[in-house]
Novice: 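Questions regarding the structure given below will be posed in turn.
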Amino acid sequence: MLKSVPFKLKAFASLTFLAISTVSFAQEMSFEEYNPPSTLKVPEHIVQRAKFPFVDIHSHQGGINEARIDELVSEMDELNMGVLVNLSGRGFGRGDSNSQQEYIKSMISEFNTHAPGRFMVFTNLNFAGFGDENWTRVAVKELEEDVAAGASGLKIYKSLGLNVKDINGNRVPVDHPDLDPVWAKAGELGIPVIIHSADPAQFWQEMDANNERWLELKTHPNRKRGYDNPAPFEQIIAEQHHVFEKHPETTFINAHMGWMANDLDAASAHLEKFPNVNFGIGAVIAEFGRQPKRAREFFEKYQDRVLFGKDAYNKEEYYTYFRVLETDDEYFPYYKKYHAFWAMYGLGLSDEVLKKLYYKNALRIVPGMDKSVFPD
């Protein structure tokens, strides 16, 4: 009997090691790897076509030619997208002003020739030489010329306030006084200004277990910023709000809900304070999907101040937007875990609210949009 003890001890030790190894393996699974499909059984309504024709107020398109336009129109028809607004009228800041203006004229001509009424283009500012005594005069002149050529609005990239510098190498704040004539001219021309300022506040915060954007910062480390790199988040946002305050006669669209989609009380206060400001919902649908009751209340109350937008163009990703906005579905996945590791819930918005979000508000705000593409 005693001779069998070592064998039993060895067997016990092997089983113990196996158990410990299994536990260790489970504990070492990364957050990125752990992404199990839900076992919850609930009604599902996959929406691949919007209930009503819609305007995508926030898209970025390049390489525009007849073939690309045909491809886009085909996908737009599948999605029930009536009009796509390309915010990258001058590209992404490449080239001098002359080449940028030729670029936007060529783009507008291609759209109007091959798909009239289906595309609109916003222009952009060229910040080269900012701080020179002639910069403001030239910028205003070029804005007028681009609008005369067919541009329907002005898009301001997030580079303003982050990495745009003047001729002396200093950061250009969003509310720099040299930009005031530009905002005023947009108001005079009757065109909206869609402006993206800063990034989510968490990009400026400590990258630790308390940071809700930890996974995004891990997978995209270039998005992490120091507290004052190049300025605190709160300062950049305050500069943007100062612009809204100084120019009440200009219509602004605060892109990405001004990073307030996770705080709808703050978003509500923002709209109450600035009657000239509207919200674009591009890239923040995941925030609404985790607070369906509060979000539905917000959209009902501010149904005249919100515009549909997607930002990064991907046909399949629109389906999640439609499902969140239109259905009452529960607990369904988002398409990018690093943006939202939580599940989505549908808001079940009414037809009246959907129509305003999808197209009526855009028809009112953006001049020259073809109303025949849309109902009533």
Side-chain angles (χ1 to χ4, degrees), residues 37-38 40-59 72-85 118 253 255-257 260-262 264 267-268 271 278-336 339-340 342-366 369 371 373-376:
S38 173
L40 187 66
K41 303 300 181 185
V42 290
E44 295 183 348
H45 302 87
I46 308 301
V47 186
Q48 297 183 351
R49 181 177 173 83
K51 189 173 185 179
F52 303 105
F54 68 95
V55 176
D56 185 345
I57 197 71
H58 193 141
S59 191
L72 284 170
V73 169
S74 176
E75 293 186 347
M76 290 164 64
D77 289 344
E78 290 181 41
L79 295 167
N80 204 15
M81 186 191 304
V83 173
L84 182 150
V85 179
R118 300 300 299 277
I253 302 169
H256 312 301
M257 288 279 293
M260 288 178 276
N262 63 329
L264 293 179
S268 300
L271 292 181
N278 306 272
F279 278 138
I281 68 168
V284 293
I285 195 70
E287 299 291 0
F288 304 130
R290 63 172 170 170
Q291 51 174 335
K293 294 180 180 178
R294 180 68 181 91
R296 185 186 300 114
E297 293 174 357
F298 178 86
F299 278 100
E300 288 175 351
K301 183 173 183 179
Y302 296 104
Q303 57 188 268
D304 297 316
R305 310 281 294 279
V306 288
L307 296 95
F308 183 93
K310 173 69 180 63
D311 197 359
Y313 182 85
N314 181 298
K315 187 184 74 172
E316 286 74 23
E317 292 177 359
Y318 284 92
Y319 306 162
T320 300
Y321 278 69
F322 303 154
R323 193 175 179 187
V324 169
L325 297 171
E326 297 183 17
T327 78
D328 291 310
D329 283 3
E330 296 184 291
Y331 206 83
F332 53 91
Y334 187 62
Y335 50 80
K336 285 181 181 176
H339 271 172
W342 52 84
M344 302 287 101
Y345 294 81
L347 277 57
L349 296 177
S350 68
D351 287 357
E352 180 183 6
V353 173
L354 280 173
K355 287 179 180 179
K356 290 182 178 180
L357 172 65
Y358 276 162
Y359 66 91
K360 286 189 175 182
N361 292 338
L363 286 175
R364 186 185 73 251
I365 291 170
V366 182
M369 192 170 288
K371 293 180 172 60
V373 179
F374 304 95
D376 14 280

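No hydrogens, no waters, no symmetry mates; every other heavy atom, side chains included, goes into these values.
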Novice: By side-chain contact (heavy atoms from CB on, under 4.5 Å), which residues pair with Lys360, not counting sequence neighbours?
Specialist: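 Expected list: Lys355, Lys356, Asp376.
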Novice: Spell out, as yes or no, whether a donor-acceptor pair under 3.5 Å connects the side chain of Arg305 to the backbone of Leu271.
Specialist: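 Checked: pair present.
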Novice: Would you say the side-chain atoms of His256 pair up with the backbone N or O of Gly282, donor to acceptor, closer than 3.5 Å?
Specialist: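 Judged by distance alone, yes, a pair lies under 3.5 Å.
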Novice: In terms of ring plane angle, is the pair Phe54 and Phe322 parallel, tilted or perpendicular, where the classes change at 30° and 60°?
Specialist: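 Because their plane-to-plane angle is over 60°, the rings of Phe54 and Phe322 count as perpendicular.
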Novice: Quick test of your reading: applying salt bridge (Lys or Arg N to Asp or Glu O under 4.0 Å), list the pairs with at least one residue in residues 321-334, sequence neighbours left out, ordered by first then second residue.
Specialist: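 For residues 321-334: Arg323-Asp329.
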Novice: Determine whether Glu316 and Tyr335 satisfy the following criterion, side-chain contact (heavy atoms from CB on, under 4.5 Å), listing intermediate values before the conclusion.
Specialist: CA-CA 9 Å; Glu316 286 74 23; Tyr335 50 80; over 6 Å; no
Novice: Please say which of Arg294, Glu300, Lys301 ends up in a side chain to side chain contact (heavy atoms under 4.5 Å, CB included) with Phe298.
Specialist: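 The single option meeting the side chain to side chain contact (heavy atoms under 4.5 Å, CB included) with Phe298 is Arg294.
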Novice: Could you please spell out the steps behind the side-chain contact (heavy atoms from CB on, under 4.5 Å) verdict for Phe52 and Asp351?
Specialist: CA-CA 9 Å; Phe52 303 105; Asp351 287 357; 3.6 Å; yes
Novice: Between Arg296 (side chain) and Ser350 (backbone), is there a donor-acceptor pair under 3.5 Å?
Specialist: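 Pair absent, no side-chain N/O of Arg296 close to backbone of Ser350.
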Novice: Which heavy atom in Gly280 sits nearest to a heavy atom in Ile253, and how many Å separate them?
Specialist: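 Scanning both residues completely, I find the closest heavy atoms to be N-CG2, 3.8 Å.
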Novice: Checking side chain to side chain donor-acceptor pair (under 3.5 Å) against Glu78, which of Lys315, Arg49, Gln48 comes through?
Specialist: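 For Glu78, the side chain to side chain donor-acceptor pair (under 3.5 Å) check succeeds only for Lys315.
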Novice: Does any N or O in the side chain of Gln291 come within less than 3.5 Å of the main-chain N or O of Glu287, such that one atom is a donor and the other an acceptor?
Specialist: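 Judged by distance alone, yes, a pair lies under 3.5 Å.
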Novice: Provide the closest heavy-atom pair for Pro53 versus Tyr358 in the form atom of the first, atom of the second, distance.
Specialist: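 It is O-CB, 3.8 Å.
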Novice: Between Tyr318 and Asp56, do the side chains contain an N or O donor and an N or O acceptor separated by less than 3.5 Å?
Specialist: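 On atom types as modelled, these side chains qualify, holding a pair under 3.5 Å.
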Novice: Is any side-chain heavy atom of Val366 closer than 4.5 Å to a side-chain heavy atom of Ile57?
Specialist: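 Yes, close enough: below the 4.5 Å cut-off.
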Novice: Do the side chain of Arg364 and the main chain of Asp304 share a donor and acceptor less than 3.5 angstrom apart?
Specialist: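 Yes, because the side chain of Arg364 sits within donor-acceptor range (under 3.5 Å) of the backbone of Asp304.
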Novice: Working to the nearest 0.5 angstrom, can you tell me the gap between Leu357 CG and Leu307 CG?
Specialist: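 The CG atom of Leu357 sits 7.5 Å away from the CG atom of Leu307.
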Novice: Might you work through the side-chain contact (heavy atoms from CB on, under 4.5 Å) test for Leu264 and Phe288, ending with a clear yes or no?
Specialist: CA-CA 9 Å; Leu264 293 179; Phe288 304 130; 4.2 Å; yes
Novice: Where do Met257 and Ala267 come nearest, in terms of heavy atoms and distance?
Specialist: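 Scanning both residues completely, I find the closest heavy atoms to be CE-CB, 4.1 Å.
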Novice: Indicate the ring-plane relationship of Tyr321 and Phe308, choosing parallel, tilted or perpendicular according to the 30° and 60° boundaries.
Specialist: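 Rings of Tyr321 and Phe308: perpendicular, over 60°.
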Novice: Using 0.5 Å steps for rounding, measure from the CG atom of Leu349 to the CG atom of Leu325.
Specialist: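 Atom-to-atom, Leu349:CG and Leu325:CG are 5.5 Å apart.
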Novice: Is there a side-chain contact between Tyr313 and Leu84 in this structure, where contact means two heavy atoms from C-beta onward sitting under 4.5 Å apart?
Specialist: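 Tyr313 vs Leu84: side chains touch.
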Novice: If you apply the rule side-chain contact (heavy atoms from CB on, under 4.5 Å), what do you find for Val353 with Val306, and how did you get there?
Specialist: CA-CA 10 Å; Val353 173; Val306 288; 5.9 Å; no
Novice: Do Phe279 and Asn361 touch side chain to side chain, with heavy atoms closer than 4.5 Å?
Specialist: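 They are not in side-chain contact.
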Novice: Output yes when a side-chain donor or acceptor of Trp342 lies under 3.5 Å from a complementary backbone atom of Ala286, and no otherwise.
Specialist: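 Yes, Trp342 side chain to Ala286 backbone: donor-acceptor pair under 3.5 Å.
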Novice: Calculate, to the nearest 0.5 Å, the distance between atoms OG and CE belonging to Ser59 and Met81 respectively.
Specialist: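 Those atoms lie 6.5 Å apart.
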Novice: Between OG1 of Thr320 and CZ of Phe332, what distance do you get to the nearest 0.5 Å?
Specialist: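 It is 7.0 Å, given to the nearest 0.5 Å.
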Novice: Within the distance-only criterion (no hydrogens, no angle test), does the side chain of Arg290 pair as donor or acceptor with the backbone N or O of Met344 below 3.5 angstrom?
Specialist: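 Checked: no pair found.
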